[in-house]
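Presented below is the structure to which this report refers.
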Amino acid sequence: MKLLEEVQLKLVTSLQGKDLLTLLDYTSEEVQSLVELATQLKVITKAGKCPALLEGKTLGMIFEKHSTRTRISFEVGMNQLGGKGMYMHARDLQIGRGESIYDTAHVLSGYLDGIMIRANSHEMVKELAEHANIPVINGLTDIYHPCQALADLETIAENKGDLKGLKIAYVGDGNNVAHSLVVGAAHVGAHIVVATPPGYECDATIMAKAQAIAEANGSTVTTTHDPVAAATDADVIYADVWTSMGQEEEAAKRLEDFKDYQINDALVAHAKPDYMFLHCLPAHREEEVATSVIDGPNSYIFEQAENRLHAQKAVLASVLA
Ligand code: CP
Ligand code: NVA
């Protein structure tokens, strides 16, 4: 990492006042710049010199689902930037008793400088963003998890250098984390292959959009049902849970449907020897990933979790400043 004196913060000024609902709404240059800014903010934060770019600003943080990383990293990130993060569970707000998104968006816009929301429905977050006149940041919906993808790209870049031309293999469910990782990889010119069981593929429209972005950046987006094909020569192997929040009643069926998609020693033997194992967490050891892999020498999961803090500071500093 560069010495502090060499770090010149480059905020992504084109994002000022913008929402972050999906990385599809950002240009490749903006995504690449956010990843670089995340590392810069990490360096200066560790040197005890994170600037108070958001002094006096308040981020409302609304959660409809559980969270450890998102909740804490957003709140700490706001503190480090001199502002404040305010946690709210949706069930405690009037929204939980049926107050409209329209009214809520207008009211919150009068108090807050930005909203971070983790919601069941991406459509609800879109509606909130449409009516709020402050930036809305997606902290996970049923379709996307863009802040996770930014932290993932930061983690890979910090350990592999140039992201262009790397091979990222996502093995598991074609879910919110997969969608955002695919779009993020496309923006930075990394090749990404998604291996899912039949019936659990990523959304075709999102994949087509990501493919177009990847093509412009000289990389590829591909899909397979063969985890070995995906893992072969991979620089990064990525896992998420087989059963996401809200799908609990499908858990038994999913355990059966995904059983050949575990990331274990036999699978990672096909990857490059210096491959990185990533997982957004929370993880289920011995389900989607073998303990020997997630706790092994190629696992970067805790660095990846820490990078949520810095990647989100890059977003907050750019959209709220
Ligand atoms: N990866 C992630 O978003 O973690 P949390 O659910 O703990 O926020
Ligand atoms: N796909 C998982 C990610 C959790 C961070 C879920 O939605 O539950």
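For ligands, and for the atoms within them, numbers begin at 1 and follow the listed sequence. Just so you know, these numbers come straight off a predicted model, no measurement behind them. Positions are given from 1, in the same order as the sequence printed here.
- Both tests do not hold together for Arg71 against Phe63: distance to the six-membered ring centre under 6.0 Å, angle to the ring axis within 45°.
- Aromatic ring pairs are classed by plane angle as parallel below 30°, tilted from 30° to 60° and perpendicular above 60°; the pair Tyr102 and His106 is tilted.
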Q. Passes side chain to side chain contact (heavy atoms under 4.5 Å, CB included), Tyr275 versus Val293? Steps please.
A. CA-CA 11 Å; Tyr275 85 94; Val293 171; 3.7 Å; yes
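- In the vicinity of Leu140, heavy-atom distances shorter than 4.0 Å reach the ligand 2 atoms 3 (C), 4 (C), 5 (C), 7 (O).
- Between Phe258 and Tyr200, the closest side-chain pair of non-hydrogen atoms falls below 4.5 Å.
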Q. Can you check side chain to side chain donor-acceptor pair (under 3.5 Å) on Gln40 and His310, steps first, answer last?
A. CA-CA 9 Å; Gln40 290 186 320; His310 308 296; over 6 Å; no
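- For ligand 1, the polar-atom distance check finds an N/O of Cys280 within less than 3.5 Å of one of the ligand's N/O atoms.
- Proximity of Asn176 to ligand 2, defined as any heavy-atom pair under 4.0 Å, is confined to the side chain (atoms from C-beta onward).
- Residue contact check: Leu281 has heavy atoms under 4.0 Å from atoms 5 (C) of ligand 2.
- Near Asp240, the atoms of ligand 2 lying under 4.0 angstrom from a non-hydrogen atom of the residue are 1 (N), 2 (C), 3 (C).
- Of all the atoms in ligand 1, the ones that sit under 4.0 Å from a non-hydrogen atom of His145 are 2 (C), 3 (O).
- At least one heavy atom of Arg308 lies less than 4.0 angstrom from ligand 1.
- Nearest non-hydrogen protein atom to atom 6 (O) of ligand 1 is Arg118 NH1, 2.8 Å.
- When only modelled atom types and interatomic distance are considered, Gln80 and Lys313 share a side-chain donor-acceptor pair under 3.5 Å.
- Interface of Thr68 with ligand 1, defined as ligand atoms under 4.0 Å from a residue heavy atom, comprises 5 (P), 7 (O), 8 (O).
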(Q) Let's go through Val171 and Gln262 carefully: what are the C-alpha distance in whole Å and the side-chain angles of both, what is the deciding distance for side chain to side chain contact (heavy atoms under 4.5 Å, CB included) to 0.1 Å, and is it a yes or a no? (A) CA-CA 8 Å; Val171 179; Gln262 186 190 68; over 6 Å; no
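- When only interatomic distances are considered, the shortest N/O to N/O separation between Met245 and ligand 2 falls below 3.5 Å.
- Between Leu278 and Thr155 the shortest side-chain heavy-atom distance falls below 4.5 Å.
- Checked by distance only, ligand 2 and His145 stay at 3.5 Å or farther apart across all their nitrogen or oxygen atoms.
- For the pair Arg118 and ligand 2, the shortest N or O to N or O distance does not fall below 3.5 Å.
- At under 3.5 Å, a nitrogen or oxygen of Arg69, whether backbone or side chain, sits near a nitrogen or oxygen of ligand 1.
- Counting heavy atoms closer than 4.0 Å to ligand 1, residue Leu281 contributes backbone atoms (N, CA, C, O) but none from C-beta onward.
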Q: Would you check, one step at a time, whether the test side chain to side chain contact (heavy atoms under 4.5 Å, CB included) holds for Ile134 with Asp113?
A: CA-CA 6 Å; Ile134 52 176; Asp113 299 287; 5.6 Å; no
